[in-house]
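Here it is, the structure, as structure tokens.
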Amino acid sequence: MSIHRCSLRTRPLIGTVAVAALALIFTTSCSVEESLAPPYCTGGSSLIAAQSVPTARLLPCFGGLPEGWSFSTVMIDQSGTMVRLDSDRAGDDAATLRFEGSCDVRGAVSVPSAFEDVQHYEAIDQLQPRFRARSYLRFDGGCVTWFFDFDQGASTTESVAIGDALVFFTRKEINDGLRQTFLDEDL
């Protein structure tokens with residue numbers, strides 16, 4: 001299985017749409033391993049992630065990160081997208097986000113969702129001495145799963161802070177943006 005990773009700099013979404021779409025066309029058949037830029041909503045990375053889960057109606061990205069959080073790893077391939085985040089309070093690889101076509105929520109409890117048309121589930125595996133938990137956001141054709149594994153003594157509220165940084169665009173919004181630039185293609 002090849003991992004496709006391409007560098008994208010943060011630019012306005014409209015300007016990046018064409019570049020990201022062209023990058024998709026040229027990178028889908030090669031095997032490249034380099035670092036990807038963080039998946040900020042303004043950087044076009046959600047466009048690349050769109051192809052990792054072509055069934056998903058919603059596409060995740062980050063509006064920004066809370067203070068103390070940074071991206072560690074971004075990997076995109078045909079099975080989905082994985083983003084690991086470090087925290088100066090919760091530790092290295094304290095949070096991992098997986099964007100896939102589906103997820104198994106067995107053992108999790110349904111909780112109110114902050115997003116329309118998204119089912120939210122939570123599972124706390126351990127509170128002390130380290131916080132370990134999973135959070136699932138399920139929607140038509142896709143799922144975002146958060147895995148939290150905090151250093152001993154880190155506050156569980158850090159999971160809320162990083163979770164609140166996640167934003168969703170509909171695939172239709174992305175496709176409409178592509179059409180407004182000059183491309184007549186759907187992702």
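Position 1 is the first residue of the sequence, and the numbers go up from there.
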Taking all non-hydrogen atoms of both residues, which atom of Gly91 and which atom of Ala94 are closest, and how far apart?
O-CB, 3.3 Å
When you compare the side chain of Ser113 with that of Arg138, does any pair of heavy atoms fall below 4.5 Å?
no
Search all heavy atoms of Ile76 against all heavy atoms of Ser52 and return the closest pair with its distance.
CG2-CB, 3.7 Å
Side chains of Phe99 and Val83: does their closest heavy-atom pair fall under 4.5 Å?
no
Arg89 side chain to Glu67 backbone, donor-acceptor under 3.5 Å
yes
Would you check if His120 and Ser135 make a side-chain contact, meaning some heavy-atom pair closer than 4.5 Å?
yes
ILVMFWY network linking Leu97 to Val118, side-chain heavy atoms under 4.5 angstrom:
yes
Interatomic distance, CZ@Arg132 vs CG@Asp125, rounded to 0.5 Å, equals 8.5 Å
Over all atoms of both residues, closest heavy-atom pair of Ile162 and Ala95:
CG2-CB, 4.4 Å
Nearest heavy-atom pair of Gly101 and Thr55: which atoms, and what distance?
CA-OG1, 4.3 Å
Between the CG atom in Leu85 and the CZ atom in Phe62, the distance rounded to the nearest 0.5 Å is 5.0 Å
Quick one: pull up CZ in Arg134 and OG1 in Thr96 and give me the separation to the nearest 0.5 Å.
13.5 Å
Quick check: is Val105 connected to Leu137 through a chain of hydrophobic side chains (ILVMFWY, heavy atoms under 4.5 Å apart)?
no
Fit a plane to each ring of Phe150 and Phe148, take the angle between them on a 0 to 90° scale, and name the class: parallel (under 30°), tilted (30 to 60°) or perpendicular (over 60°).
perpendicular
Measure the spacing between CH2 of Trp146 and CD of Glu122 and express it to the nearest 0.5 Å.
11.5 Å
Looking at every heavy atom in both Leu166 and Pro60, which two are closest together, and how far apart are they?
CD1-CB, 3.8 Å
Please examine the side chains of Thr81 and Pro39, heavy atoms only from C-beta on, and report whether any two atoms are closer than 4.5 Å.
no
Keeping to residues at least two apart or across chains, list the disulfide bond (SG atoms under 2.5 Å apart) pairs with something in residues 111-153.
Cys103-Cys143
With distance as the sole test, does Arg171 use its side chain to make a donor-acceptor pair with the main-chain N or O of Ala56 at under 3.5 Å?
yes
I need the Cys41 SG to Phe168 CZ distance, nearest 0.5 Å.
10.0 Å
Main-chain N/O of Asp93 paired to Asp86 side chain as donor or acceptor, under 3.5 Å
yes
Taking every heavy atom of Ala165 against every heavy atom of Gly64, the minimum-distance pair comes out as CB-O, 3.0 Å
Atom pair CZ/OG1 of Phe131 and Thr157 - distance to nearest 0.5 Å
9.5 Å
With a 4.5 Å heavy-atom cut-off, do Leu58 and Asp117 have their side chains touching?
no
Does any non-hydrogen side-chain atom of Val144 lie less than 4.5 Å from one of Phe115?
no
Heavy-atom side-chain proximity of Lys172 to Asp176 below 4.5 angstrom:
yes
